[in-house]
Amino acid sequence: MWSVANLYKHGKKQQLFFDLPMHAKRVGIYVNRQRYKCRDCNETFFENLAEMDVNRTVTNRLIDWIQEESLEKPFTSVADEIGVDEKTVRNIFNDYVAELEAQTEFRTPKWLGLDEVHLLKNYRFVVTDVENKSVIDILRKRNKNVIISYLSKLKDIDKVELVAMDMWRPYKDAVNMVIPHAKIVIDKFHVVKLANEGLEKIRKANRQNVSAKERRQLMRDRYVLLTRRKDLNDFDDQIKLQVWTDMFPLLGQAYELKEQFFDIYEAKTVDEAYKLYQEWISNVPKGLMTYFEDLIKAMTNWEEEIFNYFTSPITNAYTESLNRLIKTINHIGRGYSFEALRAKILFTQGYRKVKRKKKFKEVEVTFGKMLPDQMPNWLEPEYEWVYEEIYGADFSTLIKAMDEGSF
């Protein structure tokens with residue numbers, strides 16, 4: 001420790017500190033900073049600046065700003081906006097993420113969603129809270145051992161009642177091993193997708209029987225075949241469907257089978273759904289069995305988990321939409337490490353989501369000491385947010401209380 005008696009002034013140095021941008025312009029603050037020297041050890045040091053970061057030439061409020069902005073914007077964009085190096089932004093972001101990780105308390109959901117996303121040349125394991133539409137975690141790998149290890153470490157694992165997933169065997173094996181009491185529900189969109197794929201195989205098989213012009217038209221009109229009949233509101237689309245199914249009777253049969261399979265998911269009970277499926281499979285001609293082979297195989301191998309949907313109708317739709325968002329963020333950021341991308345998703349889209357700091361602190365300082373009898377001077381609708389912030393009640397309630405004399 002330095003003794004004040006042993007210190008003496010040792011000149012000044014002008015330093016530039018970066019501050020919050022103003023009106024889309026970079027802002028810098030020049031400070032003539034006093035230097036001191038110790039007579040005992042001959043070491044020099046600068047005076048302490050309370051509003052400046054200790055480790056970087058930026059203000060503390062800029063640090064707070066960078067922390068929030070870097071969660072939602074690319075590092076290069078944030079760096080360019082304020083004039084600092086991208087590495088500085090990345091380091092501040094990493095420190096902030098470590099702080100958030102330490103503060104986050106994990107909550108095990110009742111409805112667990114398991115899926116994967118192809119990211120940075122590998123499949124990554126995505127875990128979500130399906131009920132509350134929140135991301136829980138993203139892991140580097142999705143192999144069986146990794147999944148078992150992750151699930152085994154979850155707190156209060158007994159809380160999990162349902163698990164939504166696609167038809168990937170390691171997910172099922174891991175859940176049965178770690179959460180045997182949980183009911184597995186296969187995402188219905190992965191099932192009906194196989195019905196559409198069967199129809200697509202037949203459409204492609206018919207391409208060789210038409211002219212080049214008709215082939216191109218059939219490709220353009222494929223959306224008509226993949227759309228439910230009840231959703232074809234455009235008369236032209238209905239005509240197109242009629243033309244193609246009349247021209248290719250096999251394609252027409254496949255379309256009807258696709259429609260009948262989709263109808264299964266409109267069943268009210270599991271018994272009704274199972275009966276509709278039995279009717280459907282009995283209606284599939286031998287000539288079309290090959291095209292719907294993947295669907296039939298899936299229904300055979302995953303029968304229990306697929307029909308669980310009719311007693312517990314949950315889907316993995318949120319997880320699928322999240323995967324698209326992850327890919328978009330990765331594309332925009334180009335060059336993110338897995339750790340950085342994971343943090344951006346967890347702290348903007350999940351239950352770990354960072355709450356924005358209130359922007360009314362200045363108002364609290366100015367008006368916080370106001371007495372109730374001073375308020376009528378400000379009774380205008382545009383000030384309602386001030387009253388709500390100060391008195392913790394909505395504007396209309398305060399006005400009513402004043403009129404009644406009970407404020």
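The chain is numbered in sequence order, starting from 1.
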| said: Rounded to the nearest 0.5 Å, what separates atom CD1 in Ile138 from atom CD in Glu339? | reply: 11.5 Å
| remark: Closest non-hydrogen atoms of Pro109 and Leu112, given as atom of the first, atom of the second and distance, are CG-CD1, 3.6 Å
| field | Check against side chain to side chain donor-acceptor pair (under 3.5 Å), Asn176 and Asp173 | value | CA-CA 5 Å; Asn176 286 337; Asp173 293 343; 5.1 Å; no
| said: Under a 4.0 Å threshold between the charged nitrogen and the carboxylate oxygen, would Glu200 count as salt-bridged to Arg203? | reply: yes
| Salt-bridge present (Asp64, Arg61; N to O < 4.0 Å) | no
| field | Basic-acidic side-chain contact under 4.0 Å: Lys73, Glu69 | value | yes
| query | Are side-chain heavy atoms of Phe338 and Arg140 found at a separation under 4.5 Å? | reply | yes
| message | As a quick check of understanding, evaluate side-chain contact (heavy atoms from CB on, under 4.5 Å) for Lys110 and Val160, giving each step before the final call. | response | CA-CA 4 Å; Lys110 290 195 301 182; Val160 179; over 6 Å; no
| Test: Lys172 and Glu305 ion pair at under 4.0 Å | yes
| query | Any ion pair linking Arg26 and Asp80 (charged N to carboxylate O, less than 4.0 Å)? | reply | yes
| request: Decide if the gap between the ring center of Phe310 and the ring center of Tyr274 is smaller than 6.0 angstrom. | output: no
| Charged N-O contact under 4.0 Å between Asp137 and Arg342 | yes
| Looking at Trp168, does the NZ or CZ of Lys144 lie under 6.0 angstrom from its six-membered ring centre and within 45 degrees of the ring axis? | no
| request: Please report the shortest heavy-atom distance between Arg56 and Phe17, naming the atom on each side. | output: O-CE2, 4.3 Å
| message | One pair to check against side-chain contact (heavy atoms from CB on, under 4.5 Å): Val191 and Met299. What are the steps and the verdict? | response | CA-CA 8 Å; Val191 182; Met299 293 296 293; 4.0 Å; yes
| query | With a 4.0 Å cut-off, would you call Glu197 and Lys201 a salt bridge? | reply | no
| remark: Minimal heavy-atom distance between Gly11 and Gln34, with the atoms involved, is O-NE2, 3.0 Å
| field | Charged tip of Lys344 within 45° of Phe93 ring normal and under 6.0 Å | value | yes
| message | Please report whether the ring centroid of Tyr265 lies less than 6.0 Å from that of Tyr309. | response | yes
